[in-house]
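Chain identifiers are assigned alphabetically (A, B, ...) following the order of the sequence lines, protein sequences preceding nucleic acid strands; residue numbering begins at 1 within each chain. These figures come from a predicted structure and were not determined experimentally.
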Protein chains: 2
Amino acid sequence: MAGKASVPSVIWARPERTGRGPRPAFTRADIAAAAVRIADDGGLDAVSMRHVAAELGCGTMSLYNYVPRKEDLYELMIDAIGAEHEIRAPSGDWRADMIRNALETRAIMHRHTWAPRLMSGVYGFSPNSLRYLEHCLDCLAPLDAPYSEKMELVALLNGVVTTYTANEIATSERTRSMPWSEEEENAVRIAYLGGQVATGAYPRLAAAFMESSGPIDLEGVFRRALERVLDAFDPAC
Amino acid sequence: MAGKASVPSVIWARPERTGRGPRPAFTRADIAAAAVRIADDGGLDAVSMRHVAAELGCGTMSLYNYVPRKEDLYELMIDAIGAEHEIRAPSGDWRADMIRNALETRAIMHRHTWAPRLMSGVYGFSPNSLRYLEHCLDCLAPLDAPYSEKMELVALLNGVVTTYTANEIATSERTRSMPWSEEEENAVRIAYLGGQVATGAYPRLAAAFMESSGPIDLEGVFRRALERVLDAFDPAC
DNA sequence: TCCTAGTTACGTACACCGTACGTAGTGCGC
DNA sequence: GCGCACTACGTACGGTGTACGTAACTAGGA
C-alpha cells in the first residue's frame, strides 16, 4: 500500500533470524567479515554482492536473505571495523582519553582505507557505534557539561578525524597509484599550480608556498587539530 | 612503457584544447554545468557518462575526449559549484569573514546535496578551489600567524563544515525519503535504540536521551561549532 | 599548396553491476 | 502432520564505465 518497502529500512531494526525454516548458514558477522576482507585487498569497488557471496561460498541471491540492500552491507562493514575499538576504562583525564580514541579511530581507518568513504553515508546506530559512543561519554564523565554538549564534542571530533584521515588516505593513494609519483608531484605542482601562482592571481597562496619548507608532518597536523577542537570545549582554557 | 596512462591524471594539468583537429563543441564549463544540472534533480547516481552526454546532445564516447575518466567529471562538478562562492573584499574582522565563508559553503552544499559525498574523493586544486583558498587567506590577513597555521585553520574549518552539512543532509534525506517518517523515527528509536538502551548496556546514552528535549536547532549547533573552532585559533581568547 | 598527424566524434562491444522474480527445498509452530 | 515462513539460488533485465576501431576534420610543416 505504502510502496515497495513496508519494513524498516534500517538493518539493525530487523532481527538476525526469526526461527522458522532452515537455519541460516551465516551470521551477520560472517558476512561483514567477508566484505571487509574483500575491501581490504581490492578496494571498496571490489565489494559487490556477487563477490561477497562467492567469498562466502553461496549463490549471489542468497545474500539478499541476510542483506536486503547493498547499503546495508556497507552498514555491516562499518559496524564490523567498529569492533576494533579497544574499549578500556577511562583514566580520569578526558582530554587524554579522547585523543587516544581519536588516534585509534585514525589507525582503524588507515587499516581499512575504504572506511572514510563509507562513513558519510551510513546510519550511525549500529551496535558497535553505540558501544563506542557510550565509551566516549564515559571518558567525558569528568567534564562538567550537559550531555548535549558532550554529544557535540564527539560529533565534531569524529568529523575532524574522518575528514583529516580521508585526506591523508587520498593523497597517499594518489601518490602510490602513480608510476611517476615524484615526476607527477613536480609536473603538477610546478607546471600547473606553480604556473597558476606565477600568474600573480594568487599572491597569498604564492607567499604561503614560499614560506612552507619540506614535507609536512601529517600526524603532527592531525594531533594539533585535535588539541584545538578539545581546547574549544575545555573550561580550563 | 610505464603502463596505460602516461599522461598526468589530474585533469587541471591538461590544457582544455590543443589547437589541432576540429574545434571542440563544448567547454569544460558546459560539461560541468550539465552534470551539475543532472545531479541537482536526480541525485548523484543519475550522473552517468551516457546521461551527461545525452544532456549535452552528443554521443557517449565523445565525452571521453573532454573527460578521460568519470572521476574527472566529479572534479569538474566540484569546481563548478565552487564558482558560486561570492568573493568580496575582507572586512578586517577575520572571524566574521570566515564565518560568512563557512555559512556560504554550507548554503552551497544545501543547494547541491550531492557535494559532500564528492568532497572526500577529489583532488582539491581546481581553479575555483584555489580562488577560494586565496580568498580565505586574504580574510585571515589581520590574524597574526604563520601561513602554515592559517592553512590549518582553513582545513579544519572546511572539514567541520563538510561533516556537519553532510550530517544535516543525510538526516533530512532519510526522513524525506520514507513514507512513514514519523513512524520510522518512533519504530527505530523506541523499539530498537530504546530497546538497546533499556538493556542497561548503555547507561550514559540512556541518560543523554533522557536529558534531550525537543528537536535540535541544526543551524545553532553549526554556528556554535564554528565559533569553537575559531576560538581555538584566536590569540584574544 | 598539399600532406599528414593529431583530434574530435561516435557506434559497438564487453564485463560487470544491483536486484526483481520465480521456483524448489526445508524445518518450526500450530 | 500440515502449512507456512523461511532459505537457497538460477535466470534475466536494465543499467554502468570504458576499451577499441573507424570516419571526418583541421592546423602545422613541406
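- Contacts classified as salt bridge (charged side-chain N to carboxylate O under 4.0 Å, His left out) and involving residues 26-43 of chain A (residues at least two apart or in different chains) are given here: Arg37(A)-Glu55(A).
- Contacts of Glu168(A) classified as salt bridge (Lys or Arg N to Asp or Glu O under 4.0 Å), with partners at least two apart in sequence or in another chain: Arg106(A).
- Between Tyr164(A) and Leu218(A), every side-chain heavy-atom pair lies at or beyond the 4.5 Å cut-off.
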Practice task
Dot-bracket notation for DNA chain C is requested: 5' to 3', Watson-Crick or G-U wobble pairs only, both distances under 3.5 Å, with ( ), [ ], | and . as defined.
Solution key: .|||||||||||||||||||||||||||||
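- Side-chain atoms of Thr165(B) never come within 3.5 Å of backbone atoms of Thr162(B) as a donor-acceptor pair (strictly under, hydrogens ignored).
- Rounded to an integer number of Å, the gap from Glu71(B) CD to dG17(D) C1' is 13 Å.
- Between Leu73(B) atom CG and dT18(D) atom P the separation is 10 Å, expressed in whole Å.
- Surrounding CZ of Arg100(A) are more than 12 heavy atoms belonging to other residues, nucleotides or ligands, all under 6.0 Å away.
- Between Ile38(A) atom CD1 and dC17(C) atom P there is a gap of 10 Å when expressed in whole angstrom units.
- If you measure from atom CZ of Arg69(A) to atom C1' of dC17(C), you get 17 Å, rounded to the nearest angstrom.
- Proximity note for Met49(B) (side chain, C-beta onward) versus dT19(C), dG18(C), dG17(D): the nearest is dG17(D).
- Between the CG atom of Leu63(A) and the C1' atom of dA8(D) there is a distance of 12 Å, given to the nearest Å.
- Taking atom CG of residue Asp45(B) and atom P of nucleotide dT19(C), one finds them 11 Å apart after rounding to whole Å.
- For the pair Asp72(B) CG and dG17(D) P, the computed distance is 13 Å after rounding to whole Å.
- For Ser62(B), the side chain to side chain contact (heavy atoms under 4.5 Å, CB included) test picks out Cys58(B), with sequence neighbours left out.
- Atom CZ of Arg111(A) is surrounded by more than 12 heavy atoms from other residues, nucleotides or ligands within 6.0 Å.
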Exercise for the section: Let me have a per-nucleotide readout for nucleotides 4-13 of chain C, 5' to 3', with B, S or -, counting only protein heavy atoms under 4.0 Å. Expected result: --BBSBBBB-
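- Evaluation of the ring-ring contact (aromatic ring centres under 6.0 Å, His included) rule for His85(A) yields Tyr132(A) as partners, not counting sequence neighbours.
- Put simply, the side chain of Leu133(A) reaches to within 4.5 Å of the side chain of Met151(A), judged on heavy atoms.
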